[in-house]
Each structure stands twice: as structure tokens, then as C-alpha cells.
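Accompanying notes for the structure given below.
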Amino acid sequence: MTTQTTTEPADAAAPERSDFIRDIVAEDLRSGKHTTIVTRFPPEPNGYLHIGHVKAIALDFGIAQETGGRCHLRFDDTNPVKEEQEYIDAIEADIRWLGFDWGEHLYFASDYFEQLYAWAVELIRTGLAYVDDQSAEEIRATRGTLTEPGVASPWRDRSVEENLDLFARMRAGEFPDGSRVLRARIDMASPNINLRDPVLYRILHTTHPRTGTDWRIYPMYDFAHGQSDAIESVTHSLCTLEYEAHRPLYDWLLDHLPVPSRPRQIEFARLNLTHTLMSKRALRTLVQDGHVRGWDDPRMPTVAGMRRRGFPAQGLRDFVAMVGIAKADNIIEVGMLEYAVRSVLNRTAQRRFAVLDPIKVVIEDYPEGQVELMEVPNNPEDPTAGTRQVPFSRELWIERDDFMEEPAPKFFRLAPGREVRLRAAYLVTCIGVIKDESGRVVELRCTYDPATRGGDAPDGRRPKATLHWVSAAHAVPAEVRLYGHLFRSADPGALDDPIADIDPESERVLTGCQLEGSLAELPVGETVQFERLGYFCKDPDSASGAPVFDRTVTLKDTWAKVQARG
RNA sequence: UGGCGAGUGGCCUAACGGUAAGGCACCUGACUCUGGAUCAGGGGAUUGAAGGUUCGAAUCCUUCCUCGCCAGCCA
């Protein structure tokens, strides 16, 4: 996994655009319904966080921050067969990296198992829950359909005593998995299927990451979530749309249990991105079947993947803020994410020279063995970033793309007889082209104008193009991985076989790239701009002397657009 | 089909009965030692449809259409 660091805290006083949830919260504060707002982010530790979670995290923690309230991190660990400590650790690290802090408020639904059990007993006592001996198949078969009511279980009217006894024995581990469940006694004919005597507890003889073998029965999500919220005095329990149909059950349980507070569940639309799959199940498939390098593959929409790719936390936060919160299903163009990332990187990333597809240039009239140090700004957008010295010599690498033997109409770069500027160095003119037997250009011969040192011509000559370059003798060779969208289709989720839609070109590995020497010591995880090419982040696969860079995102490329238009 | 929810330019989102706003994308131009950045400007919406209420409707009412979610002992 990528190395983890903590970023600067999320902007406490960023001007927030409002949304329907913040409106509700503001009204609850205004009316005096609440004086302190408490939210919670409730991940299940069964996978890695993705950009969709970032939206929820920014909402939950953001509202707490804006209102001077608090946001709890609560792991929804009610299903030990799927959950692991590894995920708990990764999730905490991801949230910290994103710049959010839960302070002392780290909780686990499993912390409440004893209380939850007591409440289940309470429900049995009041005749609102019963132990059902039916099998899972029988329960499914008698639940009814969307249009037909369900059929009551033959065990629905057991005595309170018998229910109490059976439930205690379920807890004691007397019965095998699947042999019995505790069900709420609500309404088998409810038009809302979630209210047709939902299962509250199931028997699971599994070791839980936190409670070990203390429990043989585990509460279902529905029986844990609302009560956990109530225990923690959560005021606004924000979740995604698919829980809308569960809200009546959420409320029913709170109505029938002596809970200490009354939280309110509000649902919003989850985030979807074009050219991306977002479900944990889908992401797990990509990882397990080896379609990507892992959960932190730079093409993954996971926080870990985006971090490895070089997306700054600020960019992720900006992006979700830009997208907003609403109830309409949506699928956001990835371009918006890229815009947000590019926008912060433009302000913060240092510039460097790197030649990805090198072609040799020999400055014929430049003294052999001479080396000059050219002063280059580290970030034109930020003068405080200073400058660095870049060695210039007789033999250089430039980008193969930056030369055309027969220049196309709007091509401004190097061509035979044409003069261009080498960034922060000299104006050079191409006077010769050397080809191999196959006719491929292997070297360019140029002359330079000594009067233009630094890049300015005393006579005011202004070449139409400025090229980046790397001194051949000082270059460090590297591998560079170019990333694009994992899926060709804008909406791969709608496809029968999304895997077949994976773009084999979504990762292109370039070797033999030539980097400016200063890049050799760049720490892993750092993102810089390769001038004129894009932003690149040093990948953890780097070895000493053998750096690997991942392309975070390209620069806006109008020339590419012109070319594409023909 | 039962219940619930949602439909506003290509994509997001706002407008909370007062005459459709903003971002992304797109197109022009200016500027530029990154064909980057920046700046200026532009095109593009009869607000899913049809009725109705109102001086006035994206907002209220009716009907219809489309899409999403729900029939795990997952969350």
C-alpha cells in the first residue's frame, strides 16, 4: 500500500454552498430543536473507501465543522464474516489523509452489542419481537412479493417466555448458524417489504475482529444503526438513497425502544462517476481478478488509489463540494474531478523537466564538455517556490513529439530550419536530421544563439514555441506510467460485462524516459508537474536509481484538441 | 404490478409563488519563456408531458410518462 501521511486539516471556514440537508440542520438550530449538531460517518470495515465515501465524509464532517458540532467515526461492524481489522486501519488512515478528524469520537457498533441485546429482550417482552425457527429459505418464501402480502410465520405467536428462553439460548450458542433468528413483529402485509417482520438478529459462530468469540448472535444493520445513533446522541444520520425504504423501520425501532435520544435519518444521492465503477463488489472483482494492481491502483476510484495517483486531498474535497448534495441520481463527468485536481496542483506542484519519449539533440556549436546551470522557476504560479539550477550541455533530450520533419499546418515546434526556445536556456535552430536505415529520425543537429542565454533574444526575436529538455549527461532514466480511464464506456455499470469494457490502454508503461536529475531524490508520493506534459506522482514501486512516476492528470492540451479536429 | 424517491442546457447544482443563476464541458479573443496558467467574451433551458389554480408557476393541484431503490439470516 501507498505510504500514508496526514494532510493539512480541511478548510474550517471554506465558503460552503448550501444544500437541502444543511438547510434542515440550520433550521433545527434556528428553531432550537438542537443546540449541538452531531453527525457520524459509519463505514463497514469490509473494503476500502472510495470517492463516493469522500462525498459522505465531507458532508458529515463538514456539517459538524460548520456548525461547531462534532462528527463521530463509527464502524458498522455487525457482520463479522465480512469485516477485518485491516480495513479498519485503512479507513482511519484514509479519513485522516483527507483532512478530517473525529477527535475522541471513535466508536464501533460492536461497543453497543450488550445494550442492543438488552433492547432486543425489551422488544420480546413487549411482544414486538419473536424467535423464528424457519429457515432462511422459508422466510424468503413467506415474505410475499411486491404485490402480494407475506404469510405469518408459524412461530409468530410464541409466548414471551418461550421467546425469552430461546433468544437467551441463541446467545449462549446452543443453536447452529441459520437455525433461528429474532424477528420484529410488525406487519407481514406492509407495502414496505422492510416492515414485514424484518430479521433483527442472526446466529453466527464467527470470530469478530473486536469482540472475538463473545457473541454467537449478531444484530442486523437495521437493529444496530438507529440505536447506535441514539446512544451517541447523533442528531442527523445522513446516508444514501437506498436506505430510504429503511427509514420507517429506523423510526419504528426508535419509537418502540427506550432510547436516550432521537436521531433523524436523511438520505442523499450517492456519487457516481463516468468511466468508473463504484460498488465495493465491483472494485473487489477488479482487484481479485487482477485487472488492476490492487486496491490502490492509480485507476481505482479508491482514496488509496487516488492518493497513489497523486490526487491531493484538497482536490478531492474541492471536487465533492463542487458536485453538491441532492436527491437526484447522478453520474458526474470525471472531467470535473480532473479539473479540481489540476486546479490545486497548478497552485502547489513544483515544475520539473522530463522527457517521456526522448530524441537526441546535439548542439553542434556548443562547446564539448561545457555545462551551464540554468536558473528555472519552480512554480511560476508561486514565486515563493523559488528557483533551481538545471544543467545544460551540448547533448540533450527533447520530446520526439516536439519535432516534425514536415511540420503540419498549425505545428509551431521544431522542424528543419526552424528556431525554437529551449525553456530557460537558449534559442536553437534545427540544421540537420539524422536517420537510421529504416528512415526513423534518431538525432537532431542544432545550432544555438549564445546571445539568448536564459531564453531571451536581445533583438526581441520570439519563437512560437518553447520546448522542455533534459541534459543527456545529467538525466536520470525512469519508468513512467500513463493513466487514462479504466473503462471505455461512460457508464460501465450499465453494461452486461463491464470487465470486457476495460481499456487495455488505461495504463501505458513507458520505459527509458529521461528525467531532470533533481527528480531522483523526490520522495515517494510527491506530485510535480512535468512541464508541458502534466502532473506526475512518484510511485511506491520506485527503487533507488530507478524511479517510477504515475501520471496524475494531463495539462489541458489545446494542441491535442487541434490535432484531433484534424 | 405494491411502496418509496427523483426528473432544471452535454454533466452537476441553485432558484423555498415574482419572471431560470452558478460550476464543469464547449466556442472566441487577449496575454504568455509551459500550445499550461490567467483574463475577457460567447453559444446553449419553452425547467419530463398535458391540464388546472394564480395578476404571476421550475415552485401549488390533477393526470400521465420516464428513471432509481426495496422481496439478504449484507450494509
Side-chain angles (χ1 to χ4, degrees), chain A residues 17-20 23 42-44 46 76 78-79 81-83 132 134-136 139-141 143-150 177-183 190-196 198-204 217-218 220-222 224-225 239-248 267 269 271 274 280-281 319 322-340 342-343 346-347 351 353 376-377 380-381 410-413 421-425 427 454-456 462-468 490 529-534 554-562:
Chain A
R17 187 168 54 174
S18 196
D19 53 66
F20 79 98
D23 288 348
E44 183 190 15
N46 70 341
D76 231 320
T78 56
N79 186 1
V81 327
K82 290 186 172 177
E83 298 153 5
D132 193 344
Q134 292 184 113
S135 67
I139 289 178
R140 190 189 326 115
R143 187 150 23 224
T145 68
L146 296 179
T147 50
E148 305 158 277
D177 287 9
S179 58
R180 282 176 232 262
V181 292
L182 183 74
R183 288 230 257 172
S190 173
N192 181 343
I193 294 180
N194 295 302
L195 260 22
R196 317 239 264 229
V199 171
L200 267 22
Y201 269 90
R202 74 290 215 187
I203 299 169
L204 251 28
I217 55 173
Y218 291 90
M220 298 286 290
Y221 164 86
D222 286 308
H225 207 95
C239 61
T240 44
L241 255 23
E242 64 269 27
Y243 291 98
E244 215 154 15
H246 291 249
R247 179 154 32 92
E267 313 84 14
L271 173 67
T274 57
K280 280 186 189 173
R281 191 198 63 76
F319 168 66
M322 219 183 314
V323 157
I325 300 289
K327 292 194 75 162
D329 290 322
N330 61 77
I331 172 157
I332 289 138
E333 294 174 346
V334 265
M336 211 186 285
L337 208 209
E338 287 160 7
Y339 167 85
R342 211 181 261 131
S343 158
N346 177 50
R347 280 179 266 127
R351 317 281 125 130
F353 292 164
V376 186
E381 299 296 311
K410 284 177 180 164
F411 183 84
F412 305 144
R413 285 110 93 152
R421 172 166 39 229
L422 293 181
R423 166 123 239 238
L427 267 46
D456 283 311
R462 299 167 77 182
K464 292 197 76 174
T466 298
L467 274 36
H468 61 278
Q529 183 193 105
F530 288 175
E531 286 209 30
R532 303 207 305 134
L533 299 174
T554 60
L555 253 25
K556 216 164 68 182
D557 190 346
T558 26
W559 166 241
K561 205 173 284 179
V562 169

So how far is it from [X] [atom1] to [Y] [atom2], rounded to the nearest 0.5 Å?
{"X": "Leu533(A)", "Y": "Arg351(A)", "atom1": "CG", "atom2": "CZ", "value": "12.5 Å"}
{"X": "Leu204(A)", "Y": "Thr78(A)", "atom1": "CG", "atom2": "OG1", "value": "9.5 Å"}
{"X": "Glu267(A)", "Y": "Arg247(A)", "atom1": "CD", "atom2": "CZ", "value": "4.0 Å"}
{"X": "Gln134(A)", "Y": "Arg183(A)", "atom1": "CD", "atom2": "CZ", "value": "6.0 Å"}

Atom [atom1] of [X] and atom [atom2] of [N]: how far apart are they, to the nearest Å?
{"X": "Glu244(A)", "N": "A6(B)", "atom1": "CD", "atom2": "P", "answer": "7 Å"}
{"X": "Ile332(A)", "N": "G22(B)", "atom1": "CD1", "atom2": "P", "answer": "20 Å"}
{"X": "Asp222(A)", "N": "C73(B)", "atom1": "CG", "atom2": "P", "answer": "10 Å"}
{"X": "Phe20(A)", "N": "C16(B)", "atom1": "CZ", "atom2": "P", "answer": "17 Å"}

Taking the side chain of [X] as heavy atoms from C-beta outward, which of [options] is closest to it?
{"X": "Asp557(A)", "options": "A75(B), G35(B), U34(B)", "result": "G35(B)"}
{"X": "Leu146(A)", "options": "U1(B), G35(B), U34(B)", "result": "U1(B)"}
{"X": "Met220(A)", "options": "C74(B), C26(B), G36(B)", "result": "C74(B)"}
{"X": "Glu333(A)", "options": "A75(B), G72(B), C11(B)", "result": "C11(B)"}
{"X": "Ala136(A)", "options": "C73(B), U34(B), A71(B)", "result": "C73(B)"}
{"X": "Lys556(A)", "options": "C73(B), G7(B), G36(B)", "result": "G36(B)"}
{"X": "Tyr339(A)", "options": "A25(B), C16(B), G35(B)", "result": "A25(B)"}
{"X": "Glu531(A)", "options": "G23(B), A75(B), U34(B)", "result": "U34(B)"}
{"X": "Arg351(A)", "options": "G35(B), G72(B), U34(B)", "result": "U34(B)"}
{"X": "Asp19(A)", "options": "G5(B), A14(B), G35(B)", "result": "A14(B)"}

Would you classify [X] as touching base, sugar-phosphate or nothing, given that sugar-phosphate means primed atoms plus P, OP1 and OP2, and contacts are heavy atoms under 4.0 Å?
{"X": "Phe412(A)", "result": "base"}
{"X": "Val181(A)", "result": "base"}
{"X": "Ser190(A)", "result": "nothing"}
{"X": "Glu338(A)", "result": "nothing"}
{"X": "Arg140(A)", "result": "sugar-phosphate"}
{"X": "Pro43(A)", "result": "nothing"}
{"X": "His225(A)", "result": "nothing"}
{"X": "Gln529(A)", "result": "base"}
{"X": "Ala424(A)", "result": "base"}
{"X": "Lys410(A)", "result": "base"}

Pick the [atom1] atom in [N] and in [M], then give their distance to the nearest Å.
{"N": "A45(B)", "M": "G5(B)", "atom1": "P", "answer": "32 Å"}
{"N": "G72(B)", "M": "A6(B)", "atom1": "C1'", "answer": "26 Å"}
{"N": "A30(B)", "M": "G68(B)", "atom1": "C1'", "answer": "47 Å"}
{"N": "A49(B)", "M": "C39(B)", "atom1": "P", "answer": "36 Å"}
{"N": "C24(B)", "M": "U38(B)", "atom1": "P", "answer": "9 Å"}
{"N": "C12(B)", "M": "C74(B)", "atom1": "P", "answer": "34 Å"}
{"N": "G29(B)", "M": "G10(B)", "atom1": "C1'", "answer": "24 Å"}

For this session: Enter syn or anti for the glycosidic conformation of G72(B), syn applying to angles within 90° of 0.
Result: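 G72(B): syn glycosidic orientation.
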
Problem set entry | Pairing annotation in dot-bracket form, given for RNA chain B with Watson-Crick or G-U pairs under 3.5 Å and | for cross-strand partners | .((((((..((((....[..)))).(((((.......))))).....(((((..]....))))))))))).....

Problem set entry | Any side-chain heavy-atom pair of Phe20(A) and Ile325(A) under 4.5 Å |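 Touching, per the 4.5 Å side-chain cut-off.
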
Exercise. Do Leu337(A) and Ile332(A) come within less than 4.5 Å of each other through their side chains, counting heavy atoms only?
Worked result: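 With C-beta onward as the side chain, the pair stays apart.
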
Exercise. Considering heavy-atom distances to RNA chain B, does Asn192(A) or Ala269(A) have its closest nucleotide positioned more toward the 5' end?
Worked result: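 Taking each residue's closest nucleotide, the earlier one in sequence belongs to Asn192(A).
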
Exercise. Taking for each residue the nucleotide of RNA chain B with the nearest heavy atom, is it Thr145(A) or Arg202(A) whose nucleotide lies nearer the 5' end?
Worked result: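 It is Thr145(A) whose nearest nucleotide is closer to the 5' end.
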
